[in-house]
2 protein chains.
Amino acid sequence: MNFILNTRIKCSECPIRHRAVCSRCDEDELAELEAIKNYRTFAPGDTILWRGDELQYVGSVVKGVATLGKTLEDGRTQMVGLLLPSDFIGRPGRSQVDFDITAVNEVTLCCFDRAPFEKMLHSVPHLSQRLIEIAMDELDAAREWMLLLGRKTAREKMATFIEMLASRQQIEGLSELPTDLALPLTRDEIANFLGLTLETVSRQLSQLKKEGVLEFSGRRQFTVLDYAALHDATGDDSDGGPII
Amino acid sequence: MNFILNTRIKCSECPIRHRAVCSRCDEDELAELEAIKNYRTFAPGDTILWRGDELQYVGSVVKGVATLGKTLEDGRTQMVGLLLPSDFIGRPGRSQVDFDITAVNEVTLCCFDRAPFEKMLHSVPHLSQRLIEIAMDELDAAREWMLLLGRKTAREKMATFIEMLASRQQIEGLSELPTDLALPLTRDEIANFLGLTLETVSRQLSQLKKEGVLEFSGRRQFTVLDYAALHDATGDDSDGGPII
DNA sequence: GCCCAACCTTGACCCAGATCAATTCACATG
DNA sequence: CATGTGAATTGATCTGGGTCAAGGTTGGGC
């Protein structure tokens, strides 16, 4: 599962390289983007957008973690997207949204107002190309996730999730995966991500700890002692993850 | 779950309105598309594309049914996409594919070669807009499917699948859902779609038959006697399906 | 440095759906 | 119209993960 892109550029003030803008934009185009740029901040637990509401902007997560969640009639929920810093948020050509977007912790978004952004899309062809690529990557991630939800065991789900976290927390350009990782979500939220219950998540983490694959230094902070064993537990092909 | 789009136009020879071309294309643009158009046919069971192969074209399904499938190391598989007539196939800006595409029965594709199509994308902005919309719709469908795989019971999965089939076999422009439906897949393939086993699929269908919701007139041909009961069984909000 | 509430862990038990195992059915073929 | 075959049904049994319940941790706030 790979939400990261190779080609991202840094916004003048944003601390991150992000996906909403394109590495091929020239000075004028970047200035145009700057002009319609603004920041929004949300408190932990805030609903950034309710299902059915109009999304008035597109943009990127600069800081914090947000989730996309869907709910059944009786209240069962499934997370269908996880937004980490640099991830794109927005639906050009579609205003309404069929899921809730919720801030897990304090979230800062770097936004571009929808109307001018879409106008710009029409005049700057490579921005459209960029968005198509982003959408194709998200579709790949969604399909990887469908395989996880439909066919993987609790243990495989957990291992896959940790491997994904590691690749997202990897320092750019470095080939080594980081050994010290932070869990951005509670057990309950992880369960929601993986289609499990919080008890099962807890048991799987305990099991991986007992086997010496992970070592915890706090509830949400841990070290991966054995990446090979972790990957073996994912059930994925040994060649290591999706192609993309 | 909704794979259908409102705006589709009919190709000169294709018997269907399809998604690869845009309703806003003018005569010249359509002529340009016609020039790079060609048809491909696949026999039942044929693999249209293997994981990792290059997809040399984009296009639409004209006839037949195809599936996108992903496989784990030990052979477990999950269907991650179902291609029915009018569905778009292709990954502009991405050549490789991270899943297998398989023909369920005899499949005819209306294809546009990738290189000229992508060149045209750059010069015709509204074609890019169109593709972004298609990708957003597929992302919505994928997320709906994730909710199904992660949280629905076998019964809810089955009911949702039948409801989706009905909406796909609905006659365009008609508000009524068709009562007589054909299953385009075997029990095994349905199981693969829903993250179940073929035995469970069979049992759920028998149950719905026993309850008088469905009536079978052959193994793959049936009538929906009670759409209300069917919808109740989906677990979805009563307002009826995704917004889009 | 104590407190408390949210978060997490662990155990006991249960059940939906998987697995294993026979039949039975639909229908294409000669 | 018999007949062979892959597809489907149905039953018996098993089990992974859900559910219910009872403590533990931990870290922020005062």
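In the text below, chain A, chain B and the rest are named by the order of the sequence lines, each starting its count at 1.
- Judged by distance alone with a 3.5 Å cut-off, no donor-acceptor contact links the side chain of Arg219(B) to the base of dA8(D).
- Rounded to whole angstrom, the span from the NZ atom of Lys210(B) across to the C1' atom of dT10(D) amounts to 11 Å.
- Whole-Å rounding puts the Asn192(A) CG to dG18(D) C1' distance at 15 Å.
- Across the helix from dG1(C)-dC30(D) to dG30(C)-dC1(D), the helix axis at one end is tilted relative to the axis at the other end by 50° (nearest 10 degrees, each axis from five pairs).
- The residue Arg155(A) sits apart from the nucleic acid: no heavy atom pair falls under 4.0 Å.
- With salt bridges taken as basic N to acidic carboxylate O contacts below 4.0 Å, one links Lys152(B) and Asp236(B).
- The salt bridge (charged side-chain N to carboxylate O under 4.0 Å, His left out) check on Glu189(A) picks up nothing, with sequence neighbours excluded.
- Residue contacts shown for Leu196(A) are limited to sugar-phosphate atoms, with no base heavy atom under 4.0 Å away.
- Here CE of Met146(B) is found 8.5 Å from CE of Met146(A). Values are rounded to the nearest 0.5 Å.
- Remark: Arg51(B) engages Asp237(A) in a salt bridge, criterion side-chain N to carboxylate O under 4.0 Å.
- In this structure, the side chain to side chain contact (heavy atoms under 4.5 Å, CB included) partners of Gln56(A), at least two apart in sequence or on a different chain, are Glu54(A).
- Residues Val201(B) and Val201(A) both approach DNA chain D. Their nearest nucleotides, taken by heavy-atom distance, put Val201(B) toward the 5′ side.
- Checking side-chain atoms of Arg40(A) against main-chain N and O of Cys110(A) turns up no donor-acceptor pair under 3.5 Å.
- Counting distance only, with no hydrogens placed and no angle test, the side-chain atoms of Arg203(A) and the base atoms of dT19(D) include a donor-acceptor pair under 3.5 Å.
- In this entry the distance linking CZ of Arg220(B) with C1' of dG6(D) reads 12 Å, nearest Å.
- Residue side chain Arg187(B) does not reach the base of dT9(D) through any donor-acceptor N/O pair under 3.5 Å, judged by distance alone.
- Under the rule for a salt bridge (charged side-chain N to carboxylate O under 4.0 Å, His left out), the partners of Glu106(A) that lie at least two apart in sequence or sit in another chain are Lys63(A).
- To the nearest angstrom, P of dA7(D) lies 17 Å from CZ of Phe216(B).
- Interface limits on DNA chain C: the 5'-most and 3'-most nucleotides within less than 4.0 Å of chain B heavy atoms are dG17(C) to dA26(C).
- When each of Thr153(A) and Asp188(B) is assigned the nucleotide of DNA chain D with its nearest heavy atom, Asp188(B) is the one assigned upstream, toward the 5' end.
- Between Ser202(B) and dT9(D) there is a side-chain N or O to OP1 or OP2 distance below 4.0 Å.
- Of the residues in residues 71-79 of chain A, none lies under 4.0 Å from DNA chain D by heavy-atom distance.
- The line from CD1 of Ile190(A) to CG of Leu183(A) is 4.5 Å long, rounded to the nearest 0.5 Å.
- Thr186(B) comes within 4.0 angstrom of the backbone, heavy atoms only, and of no base.
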Working for side chain to side chain donor-acceptor pair (under 3.5 Å), residues Thr77(B) and Asn192(B): CA-CA 7 Å; Thr77(B) 64; Asn192(B) 199 331; 2.9 Å; yes
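- The NZ-P distance, from Lys157(A) to dG17(D), rounds to 8 Å in whole Å.
- A salt bridge links Glu211(B) and Arg155(B); the closest N-O separation between the charged side-chain nitrogens and carboxylate oxygens is under 4.0 Å.
- Salt bridge annotation for Glu144(B)-Lys70(A): present, with a cationic side-chain nitrogen under 4.0 angstrom from a carboxylate oxygen.
- Checked against Ile89(B) for a side-chain contact (heavy atoms from CB on, under 4.5 Å), the options Ile101(B), Val58(B), Val97(B), Leu49(B) give a single hit: Ile101(B).
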